[in-house]
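Counting starts at 1 for both ligands and their atoms, in listed order.
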Amino acid sequence: MRKITVNASKTYDVIIEHGAIDRIGEYAISVGISGKACIISDSNLAPLYMERVKTSLEKSGIEVCQYVFPAGEASKTADTFVDILNFLAENHLSRKDTLFALGGGVTGDLTGFSAASYMRGIKFVQIPTSLLACVDSSVGGKTGIDLRSGKNLAGAFYQPEIVVFDPDVLSTLPKEYFADGMAEIIKYAVIRGRELDKLILEDTEKNLEEIITRCVEIKRDVVNEDEFEGGVRKILNFGHTAGHAIEAEADYTLSHGRCVAIGMYIVTRAWEKRGLCRKGTCDILVKMLQMFSLDTECPYSPETLTERAKSDKKADGSGVSLVVPLSMGECEVVKISMDEFLSILKDGIK
Ligand code: GLY
């Protein structure tokens, strides 16, 4: 069992343990959870794990109700959010009760935002079941929903009581979702290093648990330093400004990880071309992306993406904060105008 402690506005542990899915009840009790629970999951994950989590909670004396929504980003809406709140009220959950997010990033974000909002805030637990959720979205307290104008435009910083990840769940993860998570892992390799590139290139499968642990440790360090994204936390958005623009332009038919992969490539290529990033960094990035069939070809023009990026929540009237790599494992944040963003896209898109 590996335990990584986050010291944000709330202190909590991220547990990585084989078989943990059947011990959720014990972990809940260990952090003082009792009373009622609502497990929130999607239509893909509920058939696989709902019963096991429910049984474990009930064995620990916790009364359980369950809410299942259709799998996919299209469910991360105000409608689902309000439906969850109504469901919680109809099932008489009180301020002392707890939500359990059983699933990937969409489930974690929706559940966390529901927990932050219901009765002005109740407890919640993250049980990530995807690679992306365990290394990124389940840790650090970002919760939210999408609005018509873009992703994650409404939400709250709201930390869980505990994050419990069972690596065994990855065995049921479809290959494309695995690649999605690898894109976020490769992001950590570029922004903070910790020799993640070597572990990935050597043997990702063999090194996977160590890779996941290092990513969570990096995220812990960043969140400890800057929970509310006033500064250093922005580095976690590497590849995301262009990536979100591609995702939106594709009407969310391309996965988040695939879009972030293209976004990371564009910025790294442009920065290296300008002599601002160590030569060879982009080659290492491409080598890692190719291992997981993550494409680097951008399907849209620089002009189209710049228009899209203007409605990204990271953009304001004076431009956007862009994360740029300096070498493998080292990056910085630069504030640039939208004209400069356009010029970077022109340099970076093949
Ligand atoms: N996923 C980026 C962050 O948590 O800040």
Side-chain angles (χ1 to χ4, degrees), residues 4-10 12 14 73 76 101 103-113 115-116 124 126 128-146 150-160 163 165 177 179-192 194 196 211-248 252 255-264 267 309 312-315 320-325 331-333:
I4 299 146
T5 303
V6 181
N7 275 304
S9 47
K10 174 183 278 174
Y12 58 94
V14 179
E73 186 76 28
K76 212 173 113 176
V106 170
T107 305
D109 285 6
L110 255 177
T111 306
F113 191 38
F124 87 113
Q126 290 271 22
T129 58
S130 71
L131 189 55
L132 186 147
C134 83
V135 296
D136 186 30
S137 58
S138 69
V139 181
K142 276 193 183 174
T143 71
I145 54 171
D146 303 334
K151 279 186 73 167
N152 301 323
L153 290 181
F157 286 98
Y158 197 68
Q159 304 293 342
V163 181
F165 174 62
Y177 290 108
D180 250 6
M182 282 312 301
E184 293 290 342
I185 286 175
I186 292 167
K187 174 192 83 179
Y188 286 110
V190 180
I191 60 172
R192 273 278 166 109
R194 300 227 25 219
L196 279 166
I211 289 171
I212 291 171
T213 305
R214 287 191 198 188
C215 291
V216 176
E217 285 169 351
I218 293 172
K219 180 120 196 204
R220 182 263 326 266
D221 293 346
V222 170
V223 170
N224 284 357
E225 208 180 311
D226 175 26
E227 180 176 356
F228 301 109
E229 205 171 297
V232 72
R233 187 162 179 170
K234 290 193 172 95
I235 68 171
L236 299 175
N237 297 326
F238 174 53
H240 281 60
T241 305
H244 278 167
I246 298 166
E247 234 181 322
Y252 301 99
S255 74
H256 177 70
R258 291 199 174 271
C259 297
V260 168
I262 300 169
M264 292 192 289
V267 176
D312 194 285
K313 69 181 180 314
K314 289 180 275 300
V320 66
S321 292
L322 194 73
V323 186
V324 291
C331 68
E332 67 176 1
V333 182

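Ligand 1 has a nitrogen or oxygen under 3.5 angstrom from a nitrogen or oxygen of Arg233. Close N/O approach between Asn237 and ligand 1 is not found [any backbone or side-chain N/O within under 3.5 Å].
Counting only distance, with no hydrogens or angles, the side chain of Lys219 and the backbone of Asp136 share a donor-acceptor pair below 3.5 Å.
Closest to atom 4 (O) of ligand 1 among all protein heavy atoms lies Lys219 NZ, 2.5 Å.
A 4.5 Å side-chain heavy-atom check between Val323 and Val267 finds every atom pair outside the cut-off.
The Leu236 neighbourhood of ligand 1 comprises atoms 2 (C), 3 (C), 5 (O), with distances under 4.0 Å to a heavy atom of that residue. Those atoms of ligand 1 with a heavy atom of Asp136 less than 4.0 angstrom away are 1 (N), 2 (C), 4 (O).
Other residues, nucleotides and ligands place no more than 12 heavy atoms under 6.0 Å from the OH atom of Tyr177.
Look at His240 and you'll find every heavy atom at least 4.0 Å from all atoms of ligand 1.
Here the closest non-hydrogen pair linking Gly140 and Arg233 is O-NH1, 3.0 Å.
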Take Glu184 and His240 through the side chain to side chain donor-acceptor pair (under 3.5 Å) test and state the conclusion after the steps. CA-CA 10 Å; Glu184 293 290 342; His240 281 60; 3.2 Å; yes
